[in-house]
Amino acid sequence: LLLLLALFATAGAQELKVCEPAVSFPGGQLEIVNAHNATECRALCSQRADCLLFTFHPLGCSYVGEHCVGNPDGCCHLKFEVDQSRGPIVNNCTCSGWVRLPASSFQPLAKPPPNAKNVVYIVVDDLRPELEAYGQSPQTHYSPNIKKLADTGTVFEHAYCAISVCSPSRQSFLSGRRPDHAGIYNFLDHFRQADCGFSHADTLLSGTVITVVDQVGCPNGGGPIPKSGPQCGGSGQCCSLCTEHPDCVAWSYRMHKSACILMSSKGEATPEVGVISGSRGTFDTHAQWTTMPQHLKNYGYLTLSAGKIYHPGEGGIQNKPGFPTKNGPGMPPLSDTPFSWSSGLAMTLTNTVADSLGCRMGVNSTCPVNATLEGIVVDDPGVENQLCDRVIGDDGVLKLRLAAENYHATKQPFLVAVGFRKPHLEFRFPAPFLQFLPELETVDVAEHPTLDRSIPPIVHHDEAPPQKDPYVALDKPTAQQWRQYYRACIAWMDSQVGRVLQELDRQGLTNDTLVVFHSDHGWSLGENGEWRKFTNYEAGTRVPLIVRAPWLEQSVGKRTAVLAELLDLFPTFNDLLDLPILAQESADIDGKSLLPVLLDPDNGTLADTLKPFALSQYMRCPSNESSPGMDNACLFVDRSKFNFMGYTLRTKEWRYTEWVRWNGSSLRPEWQNNHGVELYSHAGDLGTDFNAFEFANQNTSHPDVVASLSALLHAVVANQTRLH
């Protein structure tokens, strides 16, 4: 990076403002022309109406096998788009920048309010609130940039996701709907699919067959084919295929073959295990939902995304022959382009552009990468070895700069959403970040590393290494490495959050911009023998949430104990930005606005009155129900074939959970068929001690509390908004 700075120094201090160092945009080449420096390159791009962005490569500098040839002063790459079929190269010899917005024919439904505020929305993967901003020491949980944001905003100490797994959680808070409202629970379905109402599990229809569509072929992160078969979109995709076909009235989906049978008549129903059937549906319900970024776009906001906002990858990434033209496989397809994002300004193929990549844990681990603190890989720095959050940070900074320049010129407000992937597995990070953390042998481990016998076995999520048996503690060195590397990934991600916020400062827009920071769900680091998400524990459902609205001076530097849910963010955005739901938009969003907290953060009564509970849920699919805590993952199991659903209420004083039989046809719990009850006191829980709560089931000690919370839980679930 120092070499790059030196090469650009002759152009003066302002040079670096026209482009971002060490970024090389792939593809989209118009031509390569001669330029003395990046400022001249930018000017050349500005002169061409078909040039949107540029990459400048100075003469005499070579990196990752790339160098400037054929031009006497420097190579100016003029481009019309960013190629998202491959990742960008982090290149020490180049710098890149946007010049103008892509063309768009989109017409907003309404005008933004006068003096509309901008939004920077930062979503992090798998981050639990174990940060400096949440009372941890900077010597053990280094995260100074998030702490700085917290010091200038409002910290929600008790915020929760609706479901502790990436895709359905993100679809929940971005659409403002609970999982039961959307019918979205895992990596098979998305809300842009058709709605076919009630389906029938283990039932085959014998109507007149139009065609059989092979739904095999969606990526599974390079891992093994799931036990449910190589599915692509599940029964929801088959429903969509039927709904789009002009002659289809019914369908049957053979789960283990991923085969969708479309029929022109319904015929007789016969039992067959592993088949889900239903009738033609409609695209007029959840497929027409307005998402939070789409809502801002409808008000004339420029909406841009970088990184993982919606869940990418599994379930498919784009339409292909034989699949619906409107709503193909994905979660949702292409990160909900073109609905949520302005034309050409979304990172649609995040797994390709910013691949998380793997690494080896244990002795001679490859997870600490030989790279600079800035994330520039030193050894073998090919595109396949780059750090995903550096790529996302680059894209976020450049899109924020583009949006800010457009705002300065036109006053069009913007939403820039940046989704960082770490600390999600694999724990790959620049090795120098270990210097900010304790030595490996001094890293703390969970005080309760096994599952207490008072807790029902169904609570445990199996298939989650490194701990194979929840009743046998993991060896200390392995536990220490996992915890140290997780925290190193946080420190690395924090540095990229800092880059985005520093760019906002540099654009002079900090006081006019709402900043919201949170994760998609929590994460366990050995507590109760758990090492991932996929649970209804506090560790799995609780998330960091920081909201900075500088124009509300009373909210600066505040903390609140009010319970919050991520699906509260949609109505909170609407109130903070003065953007009420429009008549043309779907209005049945869940959640409650948190604006009263920001207006009066010192009002202690809000903790008792605004949100009496937070609701989360998670499912279990054991291959053998007599051992419900083993082989019980549901990520690629059709929702009609779940065995059990766990619903959990978090109140101010308690967490209460019931695990019950799941009705796959109605997608409803069968409360009378109970397979486990949990009760944990949270009296005195300030949210800073991950070793003090939820380690021994208290359900038998407080029967009155169980009875009261069970009645509340059943009522809350029954009164959720549902589509059918």
Side-chain angles (χ1 to χ4, degrees), residues 113 116-124 127 129 131 133-134 146 149-163 169-170 172-178 181 290-293 295-296 299 415 417 513-522 541-581 587-616 649-652 686-687 716 720-721:
K117 306 299 183 183
N118 303 303
V119 182
V120 170
Y121 183 41
I122 301 174
V123 181
V124 180
L127 178 65
L131 305 160
Y134 281 80
I146 300 171
L149 175 64
D151 289 344
T152 55
T154 297
V155 175
F156 287 80
E157 296 173 335
H158 297 289
Y160 299 90
C161 67
I163 185 168
S169 177
R170 290 166 183 264
S172 172
F173 62 71
L174 288 166
S175 71
R177 278 83 173 183
R178 296 191 184 278
H181 187 172
T290 304
T291 67
M292 183 272 289
H295 177 60
L296 271 65
Y299 266 102
L415 161 69
T513 301
L514 170 67
V515 178
V516 175
F517 172 96
H518 68 83
S519 64
D520 52 357
H521 45 71
T541 58
R542 183 167 165 249
V543 299
L545 172 60
I546 302 170
V547 179
R548 185 174 77 183
W551 59 94
L552 298 180
E553 295 182 2
Q554 67 273 33
S555 70
V556 174
K558 298 294 184 177
R559 310 182 72 86
T560 178
V562 172
L563 294 174
E565 298 177 279
L566 291 182
L567 53 81
D568 296 331
L569 289 175
F570 196 159
T572 303
F573 272 62
N574 297 350
D575 287 352
L576 267 174
L577 302 172
D578 192 20
L579 304 176
I581 295 293
D588 59 339
I589 60 175
D590 304 319
K592 179 178 285 189
S593 174
L594 300 174
L595 180 60
V597 180
L598 301 172
L599 292 174
D600 192 5
D602 296 322
N603 185 347
T605 64
L606 289 174
D608 297 314
T609 59
L610 185 65
K611 295 278 293 189
F613 60 81
L615 174 68
S616 305
L649 276 183
R650 176 63 155 89
T651 69
K652 182 179 178 181
L686 301 178
V716 168
Q720 292 183 97
T721 306

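With Asp568 contributing its side chain and Ser593 its backbone, the two residues share no donor-acceptor pair below 3.5 Å. In terms of modelled atom types and a separation under 3.5 Å, the side chain of Ser172 and the main chain of Arg177 share a donor-acceptor contact. At distances below 3.5 Å, not a single donor-acceptor pair connects side-chain atoms of Ser555 with backbone N or O atoms of Thr154.
Not less than 6.0 angstrom separates the ring centroid of Tyr121 from the ring centroid of Phe517.
A pairwise comparison of heavy atoms in Ile163 and His521 identifies O-CB, 4.3 Å as the closest pair. Residues Pro544 and Leu131 share a closest heavy-atom pair of CB-CD1, 4.1 Å.
With rounding to the nearest 0.5 angstrom, the CG atom of Leu552 is 9.0 Å from the CG atom of Leu514. To the nearest 0.5 angstrom, Thr560 atom OG1 is 8.5 Å from Leu594 atom CG.
Looking only at atom types and distance, the side chain of Arg542 has no donor-acceptor partner in the side chain of Tyr160 under 3.5 Å away.
With sequence neighbours excluded, the residues forming a side-chain hydrogen bond (donor to acceptor under 3.5 Å, both in side chains) with Thr605 are Asn603, listed by chain and number. Applying the side-chain hydrogen bond (donor to acceptor under 3.5 Å, both in side chains) criterion to Asp520, with sequence neighbours excluded, gives Arg170. With sequence neighbours excluded, the residues satisfying ring pair (Phe, Tyr, Trp, His ring centres under 6.0 Å) with Tyr299 are His295.
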Full working for side chain to side chain contact (heavy atoms under 4.5 Å, CB included) between Val543 and Leu566: CA-CA 9 Å; Val543 299; Leu566 291 182; 3.8 Å; yes
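Salt-bridge check for Asp578 with Lys117: failed, with every basic side-chain N at 4.0 Å or more from each acidic carboxylate O. Between Lys592 and Glu565, no side-chain nitrogen of the basic residue sits less than 4.0 Å from a carboxylate oxygen of the acidic one, so the salt-bridge criterion is not met.
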